[in-house]
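Keep in mind that what you see is a predicted model, and the values were worked out from it rather than measured. We count ligands from 1, going down the list as the structure has it; atoms in each ligand are counted the same way. Values reported hereafter were calculated over all heavy atoms of this structure, with side chains retained and with hydrogens, waters and symmetry mates removed.
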Amino acid sequence: MPTSSKPAPVRAGWNFDNSYSRLPETFYTRVNPTPVAKPRLVLFNGPLAHSLGLDPAAFTGLNAAALLTGNEALPGAEPIAQAYAGHQYGNLTRLGDGRALLLGEQCTPSGDRFDVQLKGAGLTPYSRRGDGRAALGPMLREYLVSEAMHALGIPTTRSLAVATTGEPVFREQTLPGAVLTRVAASHIRVGTFEYFAAIGDTDALRVLADHTLRRHFPHRAESEHPALALLEEGIERQASLLAHWMRVGFVHGVMNTDNMALCGETIDYGPCAFIDAYDPAAVFSSIDQHGRYAFGQQAPIAAWNLARLAEALLPVLHPDPDTAVARANESLASCHERFQHHWLTAMRGKLGLFTAEAGDASLFEELLRAMHRTRADYTHTFRSLQPHATPKPNSPLHAEFAAWHLRWTARLTQQPQPSAEVLRLMNAHNPAVIPRNHEVEAALIAATGNDLAPLQRLLVALANPYDEADQPTTLLTPPPSGTPTYRTFCGT
Ligand code: AMP
Ligand code: MG
């Protein structure tokens with residue numbers, strides 16, 4: 001066909017097919033975004049737009065800002081607030097999208113399907129005491145950290161845009177309001193299942209399990225026991241995700257069951273942070289006073305959340321309650337092993353091990369104990385490890401590590417790969433740069449004061465986290481001593 005007859009990109013490339021809004025009405029409430037005073041686009045993610053089949057050039061000017069705040073409807077959008085519940089710090093609560101609206105599901109040229117959601121789009125029937133809105137700082141933070149996670153190779157929801165609303169939001173202070181356009185494989189959460197289990201709607205549970213299986217695990221869609229297949233796949237995805245978090249030192253901060261997505265993506269960048277000094281007890285969230293969601297607690301908490309999923313699925317696991325419980329328990333029993341498997345694989349990568357040996361777990365634990373004792377920087381220490389070399393006196397691996405280093409060298413000699421290959425494997429697992437908390441904070445403060453340059457620089461640096469070249473020194477080194485302990489807020 002001659003190129004001249006090629007149709008122009010239709011409607012900027014929006015191609016919605018909204019399977020969730022075809023589910024029964026109990027799954028959501030139809031709500032339109034509440035218009036805002038003065039939409040203005042602050043950040044737009046061209047590469048993500050492109051991968052979604054959208055034409056980035058169509059997202060300039062006032063029209064784009066109007067679309068990405070909800071002032072104008074995207075073609076094909078059918079906005080809904082999704083119903084869900086969730087265990088928040090251990091207590092089951094009825095929640096639902098209190099300030100987010102799912103606009104629709106974008107079907108991409110490569111055949112994938114992604115939820116497009118506006119976060120901060122106004123009140124919904126699930127808003128409870130909230131205002132339905134979001135502040136600029138936290139939305140920029142979600143944009144930055146989620147894109148950093150994506151570049152680190154970690155499954156995550158992504159951020160298409162941040163637009164300001166021209167309206168204030170009232171928190172402890174008055175802050176500029178903003179809307180984030182979030183893109184996710186789906187927003188189906190453990191809490192979505194808990195919602196239907198709590199209201200005793202077994203039919204809805206079956207529909208949801210079937211929908212989720214078809215959407216995320218189509219290879220198991222014809223399974224004889226769909227709910228069991230879903231549970232098994234859910235466990236596997238979380239185990240793999242958690243190993244990634246542990247690999248890069250990510251602390252999610254609020255692993256409530258409503259913030260755990262069945263698709264296995266990291267979701268909800270509220271009080272998250274990255275550890276500097278290695279400490280399994282590291283907590284950043286100001287409200288996590290008992291360390292429920294501390295760095296080293298994340299795998300057991302994920303397993304706890306999966307047990308809540310299993311519990312919610314009981315009525316559809318088997319009509320006989322005892323058989324259902326037996327199936328759930330059998331599946332949950334694999335959790336520890338699945339988590340351990342993925343963690344060991346990630347740690348082997350970090351230490352350049354191509355093979356598996358029985359003593360590996362203890363090799364990793366010995367290093368981590370030494371790092372904990374010396375408050376060694378997690379990212380910097382791993383990135384500084386030199387295979388088959390004696391640590392330099394000024395390396396982060398000082399005397400405390402000498403015995404461990406000998407043990408590691410002996411372990412490396414058990415495999416045939418030369419140092420260069422070992423280092424390549426290590427460099428693919430150990431980021432050179434992460435979103436350092438103090439850098440993120442400084443960039444957000446500048447951005448809310450209208451200077452986007454530091455944030456833009458950080459976005460560029462974090463797009464290639466495994467590459468040292470051209471990275472700012474401040475990102476390649478641990479925070480200066482005296483940097484105050486980082487505190488995050490479930491800030492909205
Ligand atoms: P999160 O802590 O972000 O996971 O949110 C937990 C619940 O609170 C979800 O149901 C949110 O929709 C709701 N929520 C958070 N912030 C607001 C807000 N500003 N207005 C209304 N609902 C909110
Ligand atoms: Mg949430």
Which ligand 1 atoms are under 4.0 Å away from a heavy-atom of Arg171?
19 (N)
Pair Arg308 + Asp258, salt bridge at N-O below 4.0 Å
no
For Arg220, I'd like to know if atom CZ has over 12 heavy atoms of other residues, nucleotides or ligands within 6.0 Å.
yes
Say whether Gly96, considering both its backbone and side-chain N or O atoms, lies within less than 3.5 Å of an N or O atom on ligand 1.
yes
Under 3.5 Å, is there a donor-acceptor pair between the Arg247 and His244 side chains?
yes
Distance under 4.0 Å to a non-hydrogen atom of Arg128: what atoms of ligand 1 satisfy this?
7 (C), 8 (O), 10 (O), 13 (C)
Taking heavy atoms and a distance under 4.0 Å, where does Asn259 meet ligand 1: side chain, backbone, both or neither?
side chain
Close N or O approach (Tyr126, ligand 1; < 3.5 Å)
no
Looking at ligand 1, would Gly132 count as a contact under a 4.0 Å heavy-atom criterion?
yes
Within the 6.0 Å centroid threshold, strictly below: Tyr89 and His290
no
Ligand-residue contact atoms, ligand 1 with Asp268, heavy atoms, under 4.0 Å
1 (P), 3 (O), 4 (O)
May I ask you to decide whether Arg214 forms a salt bridge with Asp210, counting only side-chain N to carboxylate O separations under 4.0 Å?
yes
Residue from Asp279, Leu368, Asp276, Ile434 passing side chain to side chain contact (heavy atoms under 4.5 Å, CB included) with Tyr378:
Leu368
More than 12 heavy atoms from other groups under 6.0 Å of CZ on Arg487
yes
Tell me whether ligand 1 is touched by Lys119 - counting only heavy atoms on the residue side and a distance under 4.0 Å.
no
Quick test of your reading of the model: are Arg327 and Glu330 salt-bridged, counting only N-O distances below 4.0 Å?
no
Cation over ring, Lys119 on Tyr143, under 6.0 Å and within 45°?
no
Not counting sequence neighbours, list each pair that qualifies as a side-chain hydrogen bond (donor to acceptor under 3.5 Å, both in side chains) and has a residue in residues 437-464.
Glu439-Thr474, Glu441-Tyr486
N, O or S atoms of the protein lying under 2.8 Å from the Mg ion (ligand 2):
Asn259 OD1, Asp268 OD2
Does at least one non-hydrogen atom of Gln88 fall below 4.0 angstrom from an atom of ligand 1?
yes
Closer than 4.0 angstrom: is that true for some heavy atom of Asp97 and an atom of ligand 1?
yes
Record the part of Arg133 in heavy-atom contact with ligand 1 below 4.0 Å; permitted values are side chain, backbone, both and neither.
backbone
I'd like to know if Asp268 and Arg182 make a salt bridge, using a cut-off of under 4.0 Å between side-chain N and carboxylate O.
no
